[in-house]
Amino acid sequence: MASRSLNSNQKLFAFSLILLSLPLIILVIFFGPKSNNVVDTLKLETDEPQVFTYPRWFDLIQEEIQEEIKGKKKIKVGLVNFNDEEIEYNMHGLVVSTVHVRFNNVSKARKWEDFFPEWIDEDHKSSLPPTCPEIPMPRLEDYRDLHVVVARVPCEGWTGKAGFRDVFRLQVNLVVANLLVGSGWVTPNVKRAVYAVFVGGCGPMPEIFRCDDLLRKVGDHWVYMPELRRLKQKVLMPLGSCQIAPPHGKTGKKDWRYYSTDHKRPNAFNPREAYVTDAYVCGAIALAQSIIQSNSNRDLLLLHDEKISPKSLTGLKTAGWKIRQIGRIRNPFAKKNSFNESNYSKLRIWLLTWYDKVVFIDADVLVFRNLDRLFVYPQLSAASNDRTLFNSGIMVIEPSLCMFEDLKVKSFRVDSHNGGDQGFLNEVFTWWHRLPTKVNFLKCFEGKESYRRDKIPDDVYAIHYLGLKPWMCYRDYDCNWDMKEGQVFASDKAHEKWWQFYDAMPEKLQQYCWLTEHMKWRINKGREIARNLSLPDEHWKNAVTDPRQYNLVQ
Ligand SMILES: *[C@@H]1O[C@H](CO)[C@@H](O)[C@H](O)[C@H]1NC(C)=O
Ligand SMILES: *[C@@H]1O[C@H](CO)[C@@H](O)[C@H](O)[C@H]1NC(C)=O
Ligand SMILES: *[C@@H]1O[C@H](CO)[C@@H](O)[C@H](O)[C@H]1NC(C)=O
Ligand SMILES: *[C@@H]1O[C@H](CO)[C@@H](O)[C@H](O)[C@H]1NC(C)=O
């Protein structure tokens, strides 16, 4: 967590303040009014002698923003979700005035799913573009001169053990974000430092207020000085994942892309951006080649653990990956030695802080069109999976040391519904930005989606090979057909597309996709089961011509 310690001047100032006010404190303690919502009570010299009770946030502001208020006659504080009266404090000639920020509460009928629907009309089959329900905001023009926003965050129902999906909490966070941008972002070249104090055990939403901008946390008070560029981008994005923001979507406010980096042009080459993957050797080799063929010039970085062979590393490097060894991270809830025990290793992408942004891609993805424009999207952007959740196979994240620490701490409290990183990350990043389906086309066709298995759109950006991987089958057909429960993942069309790509790869890279004795045994076993069951798709009848069946490796 970022925090700042007081320098010696500040200590001196604080100390003299205490000395000055000591007699008054004594006065207050003995004769002052008994108040209940009060943390600190101080009486300061004012024009009209009067006793004030200072809320905790006031002390924190005063300590944190001394530099900022030096030489000012007046600072203005916006109060969000407080019922206290508006007061004016006079402190050694500095007037601190509070103003209530008025806005209508979001309707209680609104559910989280209204903002994060499972499906939206991406292809604009209906004439109206998808929209998000409204979240009322204050009249921002009435609050353009705030120095500090103090907000009480609603934390009722928050346990810290699961994602907190509360619409009113989202509203309070967005109100604060909009106020800060409205007051701080004067013009692109003129910005004023603005601060936020959140009061509440659950704190602000980390999806909107980055831990990197946390100056200090004292009890349930959190003081932030947000980086305005990133915050401005966030407030211009759609409210939830009920729309796709441009450049991939046709809806959305203004051109939020210009706030993605300090660069003038969105999408310009930036050496501090990279594609990152892990695991599967053959898959990762094909993935690297496919990204390179899409004319991307971003860095390619592969994270691996100590179990990988030197030969595999050679292949991965030849394919285009820079490689880096990492230690694995356990899922604290997984059983010892279970296959999903170290499924949290992916969290290490947050440690790659020499990059500003990372597009993580699972190694079972193949890219068909350039994805570089994803780098303009903020953390966390991803395509939809099911319900209100995103698929973590392709996601835009922003490396950050404090975020990594935060994720590690949370991994001990928050269980993952599927034992993998996806379930866990969805509980941490409940507010995410939607990328189109065709950016991360899931090879999964349930129920009424079945018709799609042979209708893969021509303009697909990437296919995510769920289920058994193409290189784990014979090239003749998708072996997900051989298992009843696997058939939702079967698509001969997608399978064929992978093998077409393989055919165009250099031979020295193809060899990493050879079959082993064990893989062949498993494929044949699957075929036999399908034959015994006489599965009606009859793929088990197909003659196998794949030459890899004769060139097994150990
Ligand atoms: C909005 O909701 C909060 C918390 O439930 C409540 O304290 C406040 O009075 C409500 N405001 C309005 C205008 O209804
Ligand atoms: C994986 O880990 C989780 C704990 O997070 C557990 O509930 C799950 O049953 C484990 N196994 C599988 C096969 O996912
Ligand atoms: C966990 O990791 C294993 C091995 O890489 C993988 O096969 C499995 O699908 C992962 N499980 C989840 C739930 O992500
Ligand atoms: C398929 O059926 C044959 C004949 O009944 C049997 O011998 C064989 O074990 C079955 N194979 C599998 C994998 O169930």
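Since the structure is predicted, the reported quantities are computational estimates derived from the model, not experimental observations. Counting starts at 1 for both ligands and their atoms, in listed order. Both backbone and side-chain heavy atoms feed into the values below; hydrogens, waters and symmetry mates do not. Along the sequence shown, the residues carry numbers beginning at 1.
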Review point. Atoms of ligand 1 less than 4.0 Å from N105 heavy atoms?
Key: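 Listed by number with element, the hits are 1 (C), 2 (O), 3 (C), 8 (C), 10 (C), 11 (N), 12 (C), 14 (O).
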
Quick one: nearest non-hydrogen protein atom to [atom], plus distance?
atom: atom 9 (O) of ligand 1; answer: N83 OD1, 4.7 Å
atom: atom 4 (C) of ligand 1; answer: F168 CE2, 3.6 Å
atom: atom 6 (C) of ligand 4; answer: N532 ND2, 4.1 Å

Practice item. For side-chain hydrogen bond (donor to acceptor under 3.5 Å, both in side chains), just list the numbers for Y477 and D482, CA-CA rounded to whole Å, side-chain angles, deciding distance to a tenth of an Å, and then say yes or no. Key: CA-CA 10 Å; Y477 69 92; D482 291 338; 3.0 Å; yes

Regarding [X] and [Y], do their side chains bring together a donor and an acceptor under 3.5 Å, going by distance alone?
X: D364; Y: H464; answer: yes
X: Q487; Y: N480; answer: no
X: E207; Y: T430; answer: yes
X: H539; Y: D492; answer: yes

Point to revise | Polar proximity ligand 4 side, K525 side, N/O cut 3.5 Å exclusive | key: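 K525 vs ligand 4: no N/O contact under 3.5 Å.
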
**Study point:** For I529, the ligand 4 atoms whose distance to one of its heavy atoms is below 4.0 Å
**Key:**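 In order of numbering, the contacting atoms are 13 (C).
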
Check your understanding: Taking atom 8 (C) of ligand 4 as the point of reference, which of E528, R531, R527 owns the nearest heavy atom?
Key ->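 It is E528 whose heavy atom sits nearest to atom 8 (C) of ligand 4.
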
Check your understanding: Do protein heavy atoms approach atom 12 (C) of ligand 4 to less than 4.0 Å?
Key ->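 When distances to the protein are checked, atom 12 (C) of ligand 4 has a heavy atom within 4.0 Å.
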
Review point. Would you call K335 and E341 a salt bridge, taking side-chain N to carboxylate O under 4.0 Å as the test?
Key: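 Result for this pair is no, no salt bridge flagged.
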
